[in-house]
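Below, each value reflects all heavy atoms present in this structure, side chains not excepted, and no hydrogens, waters or symmetry copies. Lettering of chains follows the sequences in order, A, B, ..., and the numbering in each one begins at 1.
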Amino acid sequence: MNYNNEMNLSFISRSINESFARAAVSAFAAQLDPTLEELEDIKTAVSEAVTNCIVHAYPDRVDRIYIRARLFEDNTIEIVIRDKGVGISDIDKARAPMFTTGGGERSGMGFTIMESFMDSLKVKSKQGRGTTVIMRKRISMRYAGRIGA
Amino acid sequence: MKIISTKREGELKIAFEGELDHHAARSALSRISQLIDIELPRKLVLDLSSLSFMDSSGIAIIVHSYRRMNELEGSLVISNVPGQAYKVLSAAGINRIIQVDKALV
Ligand SMILES: Nc1ncnc2c1ncn2[C@@H]1O[C@H](COP(=O)(O)OP(=O)(O)OP(=O)(O)O)[C@@H](O)[C@H]1O
Ligand SMILES: [Mg+2]
């Protein structure tokens, strides 16, 4: 399928950038005219994926996180969030609710939240090489009440 | 994120203001733990009415508060929960364990 627009973003894995990443992707997604709830879903999913890069992928170093977002003709947004960190050895296990290697500070619900807030979630990973999370969400078409559309 | 606490007759209310993500979580957790340890409340109310964003980092804080209140044989209520935070708590099934009261829109 063809995409109409694309943006690329990279930043270093400091936790202060979590809110920046959410805001940047949601500002780009706004081009699809999402509802407030759809925008909040996107922000939440991005926050989970970016936090995972900061907490798990680079546990004891600061390194780069990459985001690519594309807007497709059918009003779908695809968000790809990638790190070059430690990787995940067993992806199915990592995706299971309540599985965490993060101890008491984490709840093991990040992937579950990404799954339920987006339409699809794909996780690719290589140990020692990094992890890529690909999420898609179709934004509802809204015609009612629009002037000059 | 800002934390505002009020205490009245054994009830400790802690209100969160702003965004609760991983960046905000560590200092929020230590502040909440400290408040519980000082006040030893019978009932803890976490008021989320002014919370503009929350992700799974908030779940860990709520679960931690729940465990601590259980140790104190007290109760915990999560009140005035905005739509986004409510959705996060529901996706994680927290509302099946802890009383979560949705904000009136
Ligand atoms: N980018 C990543 N790099 C390396 N490991 C990861 C990455 N993302 C997730 N993981 C692994 O998958 C597990 C599950 O992730 P998930 O986001 O579901 O839960 P969590 O981060 O542990 O807790 P929560 O998101 O609820 O705070 C993590 O504990 C970690 O072991
Ligand atoms: Mg996570």
Inset, instruction - Kindly write out the residues that satisfy salt bridge (charged side-chain N to carboxylate O under 4.0 Å, His left out) with A:Asp63, not counting sequence neighbours, or none if the list is empty. - result: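 Testing A:Asp63 for salt bridge (charged side-chain N to carboxylate O under 4.0 Å, His left out), a comparison that skips the adjacent residues, returns A:Arg61.
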
Inset, instruction - Below 4.5 Å from any heavy atom of chain B, which atoms of A:Val50 appear? Answer side chain, backbone, both or neither. - result: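 Neither part.
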
Inset, instruction - Below 4.5 Å from any heavy atom of chain B, which atoms of A:Ile54 appear? Answer side chain, backbone, both or neither. - result: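 For A:Ile54, the contact with chain B is made by the side chain alone.
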
Legend entry - Under 4.5 Å from any heavy atom of chain A - which part of B:Val88: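 Interface part for B:Val88: both.
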
Legend entry - B:Ala25, part contacting chain A, at a heavy-atom distance under 4.5 Å: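 Contact with chain A is absent: no heavy atom of B:Ala25 under 4.5 Å.
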
Inset, instruction - Kindly check if the number of other-residue, nucleotide or ligand heavy atoms within 6.0 Å of CD1 (A:Ile16) is above 12? - result: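 It does not: A:Ile16 CD1 has 12 such atoms or fewer within range.
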
In terms of hydrophobic clustering (I, L, V, M, F, W, Y; side-chain heavy atoms under 4.5 Å; direct or indirect links), are [X] and [Y] co-clustered?
X        : Y        : result
A:Phe99  : A:Ile88  : no
A:Tyr66  : A:Val133 : no
A:Phe117 : B:Val100 : yes
B:Leu20  : B:Ile59  : yes
A:Ile12  : A:Val55  : no

Inset, instruction - Considering only heavy atoms, give the residues of residues 71-87 of chain A separated from chain B by less than 4.5 Å, sorted numerically, with 'none' for an empty result. - result: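 If one takes a 4.5 Å heavy-atom cut-off, no residue of residues 71-87 of chain A lies near chain B.
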
Inset, instruction - Output all residues satisfying side chain to side chain donor-acceptor pair (under 3.5 Å) with A:Asn8, sequence neighbours left out; order by chain, then residue number. - result: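 Listed in chain order: A:Glu6.
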
Just by distance, which donor-acceptor pairs between chain A and chain B come in under 3.5 Å?
from, atom 1, to, atom 2, distance (Å)
A:Ser15, OG, B:His23, ND1, 2.6
A:Ile16, N, B:His23, ND1, 3.4
A:Glu18, OE1, B:His23, N, 2.9
A:Glu18, OE2, B:His22, ND1, 2.5
A:Arg22, NH1, B:Asp21, OD2, 2.9
A:Arg22, NH2, B:Glu19, OE1, 2.7
A:Arg22, NH2, B:Asp21, OD2, 3.1
A:Glu37, OE2, B:Lys87, NZ, 2.9
A:Asp41, OD1, B:Lys87, NZ, 2.8
A:Asp41, OD2, B:Lys87, NZ, 2.9
A:Thr44, OG1, B:Gln84, NE2, 2.8
A:Ser47, OG, B:Asp55, OD2, 2.6
A:Glu48, OE1, B:Ser56, OG, 2.7
A:Glu48, OE2, B:Ser56, N, 2.7
A:Glu48, OE2, B:Ser56, OG, 3.2
A:Glu105, OE1, B:Arg26, NH2, 2.9
A:Glu105, OE2, B:Arg26, NH2, 3.4
A:Arg106, NH2, B:Ser57, OG, 2.9

